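To start, the structure itself, in structure tokens.
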Amino acid sequence: MKRIVIFASGSGTNAENLIKFFQDSDNASVIQVLTNNPHAKVLERAKKLKVSALSFNKIALSHTDDVLNILKTSKPDLIVLAGFLWKFPEHILNVFPNKVINVHPALLPKYGGKGMYGMHVHEAIVANKETETGITIHYVNQHYDEGAIIFQAKCDVKPNDTAQDVATKIHGLEMEHFPKVVEKLLRKEI
């Protein structure tokens, strides 16, 4: 059985979707959710679905081996960043090479980098009158949103779409594709 650990910072809808997707799987399961926000709704969602959930601070993640040691104990086959807003530390990436992935709410390399997350991305897409956008699932490296691309899915942006309209479309793509891509990665099909 493959083991998945999720990092999230907010409401946790992607985390919940992944947990539910793998609940009855013979191939993989989400064994733990970790968050940098002690008030994140993802903690409540994980506990409700009977998945271990812990919060940590910046020191534990980046300046000590506390989070790294949690991961070493958990032995994940894949670490999934699902709305995790902090830069992922290089010392953890070195221990888990090519085992950390992220979903980004745009078609990278466009609209990536520090500060480009959530509504910031959608607002920029609308402001720049883009005609399409989408999601990018990619490996995480030491630079924001620059890891190798695994998968992209696109959607149209209509001239009268608001940033919230774009957010809704992107959320739909994440719900549809993210769990399937994680499953294919774990099965080494992509």
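Everything numeric here is computed off the predicted structure, so don't read it as measured data.
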Membership question, hydrophobic clusters at under 4.5 Å side-chain separation (ILVMFWY): are [Y] and [X] in the same one?
{"X": "Tyr139", "Y": "Val5", "result": "no"}
{"X": "Phe151", "Y": "Ile101", "result": "yes"}
{"X": "Leu186", "Y": "Leu18", "result": "yes"}
{"X": "Val181", "Y": "Ile19", "result": "yes"}
{"X": "Val51", "Y": "Leu43", "result": "no"}

Expected output: side-chain [X] to main-chain [Y] donor-acceptor under 3.5 Å:
{"X": "Lys87", "Y": "Gln142", "answer": "yes"}
{"X": "Asn102", "Y": "His138", "answer": "no"}
{"X": "Asn17", "Y": "Asn14", "answer": "no"}
{"X": "Asp161", "Y": "Val166", "answer": "no"}
{"X": "Asn128", "Y": "Glu130", "answer": "no"}

Roughly how far, to the nearest 0.5 Å, is [atom2] of [Y] from [atom1] of [X]?
{"X": "Phe96", "Y": "Phe88", "atom1": "CZ", "atom2": "CZ", "result": "8.5 Å"}
{"X": "Leu108", "Y": "Ile135", "atom1": "CG", "atom2": "CD1", "result": "11.0 Å"}
{"X": "Met175", "Y": "Lys180", "atom1": "CE", "atom2": "NZ", "result": "12.5 Å"}
{"X": "Glu183", "Y": "Ile4", "atom1": "CD", "atom2": "CD1", "result": "9.0 Å"}
{"X": "Ile92", "Y": "Lys72", "atom1": "CD1", "atom2": "NZ", "result": "10.0 Å"}
{"X": "Thr168", "Y": "Leu173", "atom1": "OG1", "atom2": "CG", "result": "11.0 Å"}

Do you know the tightest heavy-atom contact between [X] and [Y]?
{"X": "His122", "Y": "Ala167", "result": "CD2-CB, 3.5 Å"}
{"X": "Ile6", "Y": "Ala82", "result": "CG2-CB, 4.0 Å"}
{"X": "Gly112", "Y": "His104", "result": "CA-NE2, 3.8 Å"}
{"X": "Gly12", "Y": "Arg45", "result": "O-CD, 3.4 Å"}
{"X": "Glu174", "Y": "Pro105", "result": "OE2-CB, 4.3 Å"}
{"X": "Leu107", "Y": "Ala153", "result": "CD2-O, 3.6 Å"}

(request) State plainly whether the residues Lys48 and Glu44 are in salt-bridge range, i.e. N to O under 4.0 Å. (result) no
(message) If you count heavy atoms of other groups shown closer than 6.0 angstrom to CG of Asp26, is the number above 12?
(response) no
(message) Tell me whether the count of non-hydrogen atoms from other residues, nucleotides or ligands lying under 6.0 Å of CD1 in Ile59 goes above 12.
(response) no
(message) Just so I know, are the side chains of Thr133 and Cys155 near enough to count as touching, which here means a heavy-atom distance under 4.5 Å?
(response) yes
(request) Answer whether the closest heavy-atom distance between the side chains of Val121 and Met116 falls below 4.5 Å. (result) yes
Using residues 27-40 as the side-chain source, report each donor-acceptor pair under 3.5 Å to any protein atom, sequence neighbours left out, with the distance given to one decimal.
residue : atom : partner : partner atom : Å
Gln32   : OE1  : Ser74   : OG           : 2.8
Thr35   : OG1  : Ala8    : O            : 2.7
Thr35   : OG1  : Asn37   : N            : 3.1
Asn36   : OD1  : Ser9    : OG           : 2.6
Asn37   : OD1  : His39   : N            : 2.9
Asn37   : OD1  : Ala40   : N            : 3.4
Asn37   : ND2  : Ser9    : O            : 3.3

(request) Please name the residue in the list Asp65, Thr64, Asp66 that meets the side-chain contact (heavy atoms from CB on, under 4.5 Å) test with Leu68. (result) Asp65
(message) Assess the residue pair Leu71 and Phe7 against the criterion (side chain to side chain contact (heavy atoms under 4.5 Å, CB included)); give the C-alpha distance rounded to whole Å, side-chain angles, the decisive distance to 0.1 Å, and a yes or no.
(response) CA-CA 11 Å; Leu71 290 170; Phe7 280 73; 4.0 Å; yes
(request) Mind running side chain to side chain contact (heavy atoms under 4.5 Å, CB included) on Phe21 and Val182 for me, showing each step along the way? (result) CA-CA 10 Å; Phe21 184 87; Val182 169; over 6 Å; no
(message) Would Tyr111 and Ile125 count as a side chain to side chain contact (heavy atoms under 4.5 Å, CB included) here? Give the steps.
(response) CA-CA 8 Å; Tyr111 302 102; Ile125 285 165; 3.7 Å; yes
(request) Test Leu49 against Glu16 for side chain to side chain contact (heavy atoms under 4.5 Å, CB included), laying out the working first. (result) CA-CA 8 Å; Leu49 294 166; Glu16 180 177 19; 3.7 Å; yes
(request) Decide whether Asp165 and Thr162 meet the rule of one side-chain donor and one side-chain acceptor closer than 3.5 Å. (result) yes
